[in-house]
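Only one structure is covered here, and it is reproduced in the block below.
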Amino acid sequence: MSQPRKIYEGKAKVIFDGPKNGTLIQYFKDDATAFNAKKFDVLDGKGEINNLISEFIMKKIGEKGIPTHFLERINKREQLILDCNIIPLEVVIRNIAAGSICSRLGVQPGLKFREPLIEFYYKNDELEDPIVNDSHINLLEWSTPSEMEKIKVFAFGVNKILSKLFFSVDITLIDFKLEFGRVKTDNRLVVADEISPDSCRLCDTTSQEKFDKDVFRFDTGDLVSAYRKLARRLGIILK
Ligand code: UDP
């Protein structure tokens, strides 16, 4: 059998042609990057655990009525997804201040926002993903005001579902990033990419132990062990 054609290679995943029209294969690599790829390593087991965690989360939000690109997990490293036109935005929801909002705005890390805060970044590595607002998004035609309304409803909805899910295993969802796409066959808006500890900040509600990429960003421990511990807490893996 011939190898599927590679369509795109990103920092943590590779996208291949899918077996059927309108589908793609998303392959999770072991590569870890941070600070816009200025820090890089290959971590054995990272791709497999992120594939499992992202499958679990995409299914959870799908069950609660938020559409996603996820169709099924094919094997340890690959999942079948819907072929989408990706909207060039990173949608970030913050419950507690951490990371770039602290350095950009001088906000105290750990500040709990009165309600979830939403931000948009233009997906562009050369420009280092600059922050943008609804006006940029509308006038530069990355999305429309009516689609943005849906994106906000879905993003806040995902936050509610995931905050509750993590809270049930004593984990706090500090912030996370989503990407959205329009399904090529019918133009439906769906949550795309992955939702994993690579794209969330998560910590133990009591001990503040971290289960996210900050472990790699700041060299505070073994990233794959932290991700596996998270997966065990969620009941995704047994050991
Ligand atoms: N994030 C991501 N991909 C990016 C940028 C951010 O998944 O390219 C996630 C990040 O892991 C965190 C949230 O979005 O959970 C907010 O990130 P922030 O803006 O604080 O940027 P950072 O300082 O983490 O790069």
Side-chain angles (χ1 to χ4, degrees), residues 8-13 26 28-29 31-41 43 46-47 49-51 53-54 57-58 61 68-69 86-113 116-133 136-137 142 151-152 154-156 158-163 165-166 171-181 191-205 208-221 223-224 226-227 230:
Y8 170 81
E9 178 154 4
K11 291 190 272 259
K13 296 183 295 296
Q26 179 165 254
F28 287 75
K29 301 196 278 187
D31 296 9
T33 61
F35 308 117
N36 219 2
K38 288 180 193 90
K39 185 173 163 74
F40 173 82
D41 208 345
L43 304 175
K46 175 175 171 284
I49 198 68
N50 272 353
N51 187 17
I53 296 173
S54 194
I57 293 180
M58 288 290 185
I61 67 173
T68 81
H69 74 162
I86 295 293
I87 297 169
L89 294 175
E90 298 198 337
V91 179
V92 169
I93 295 269
R94 300 180 188 274
N95 297 306
I96 298 173
S100 71
I101 195 167
C102 300
S103 43
R104 191 175 46 250
L105 300 179
V107 177
Q108 189 64 27
L111 173 80
K112 283 197 177 67
F113 295 113
L117 186 154
I118 193 164
E119 293 176 337
F120 305 99
Y121 296 84
Y122 175 42
K123 255 172 79 73
N124 184 313
D125 282 341
E126 269 172 43
L127 300 177
E128 301 196 353
D129 301 343
I131 193 163
V132 293
N133 64 25
H136 298 109
I137 296 166
W142 296 323
I151 286 178
K152 289 173 195 172
F154 288 171
F156 287 123
V158 170
N159 186 45
K160 269 210 175 122
I161 298 163
L162 294 191
S163 293
L165 173 73
F166 288 120
I171 290 173
T172 302
L173 177 60
I174 298 166
D175 60 29
F176 64 97
K177 183 253 327 182
L178 294 178
E179 294 186 23
F180 288 86
V191 173
D193 194 51
E194 69 179 288
I195 307 180
S196 75
D198 269 6
S199 54
C200 302
R201 279 197 176 87
L202 299 157
C203 71
D204 184 281
T205 306
Q208 306 291 302
E209 177 185 357
K210 289 190 155 289
F211 299 104
D212 58 46
K213 213 162 75 175
D214 276 358
V215 172
F216 172 73
R217 283 189 187 96
F218 304 113
D219 291 316
T220 56
L223 185 85
V224 176
Y227 285 16
L230 173 74

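Hydrogens, waters and symmetry mates are skipped; everything else that's a heavy atom, side chains included, is used. Start at 1 and go down the list; that is how both ligands and their atoms are numbered. None of the values given here were measured: they were computed from a predicted structure.
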For ligand 1, list every N/O pair with the protein closer than 3.5 Å, one pair per line with the distance.
| from | atom 1 | to | atom 2 | distance (Å) |
| --- | --- | --- | --- | --- |
| ligand 1 | 8 (O) | E90 | OE1 | 3.1 |
| ligand 1 | 8 (O) | E90 | OE2 | 3.4 |
| ligand 1 | 11 (O) | R217 | NH2 | 3.2 |
| ligand 1 | 15 (O) | D175 | OD1 | 2.6 |
| ligand 1 | 15 (O) | R201 | N | 3.4 |
| ligand 1 | 19 (O) | R94 | NH2 | 2.7 |
| ligand 1 | 19 (O) | S100 | OG | 2.5 |
| ligand 1 | 20 (O) | R94 | NH1 | 3.3 |
| ligand 1 | 20 (O) | R94 | NH2 | 3.4 |
| ligand 1 | 20 (O) | S100 | N | 2.8 |
| ligand 1 | 20 (O) | S100 | OG | 3.4 |
| ligand 1 | 20 (O) | R201 | NH1 | 3.1 |
| ligand 1 | 23 (O) | S100 | N | 3.4 |
| ligand 1 | 24 (O) | R201 | NH2 | 2.7 |
| ligand 1 | 24 (O) | R217 | NH2 | 3.2 |

Legend entry - pair R201-I96: side-chain heavy atoms closer than 4.5 Å: no
Inset, instruction - Apply side-chain hydrogen bond (donor to acceptor under 3.5 Å, both in side chains) to the pair N95 and N159, showing each step before the final yes or no. - result: CA-CA 9 Å; N95 297 306; N159 186 45; 2.9 Å; yes
Inset, instruction - State, with a plain yes or no, whether a side-chain heavy atom of F218 is found less than 4.5 Å away from one of K210. - result: no
Legend entry - Side chain to side chain, L173 and L202, heavy atoms closer than 4.5 Å: yes
Legend entry - Residue from V91, V92, L89, N133 passing side chain to side chain contact (heavy atoms under 4.5 Å, CB included) with E119: V92
Inset, instruction - Identify which one of N51, D198, D41 satisfies the side chain to side chain donor-acceptor pair (under 3.5 Å) criterion when paired with K46. - result: D198
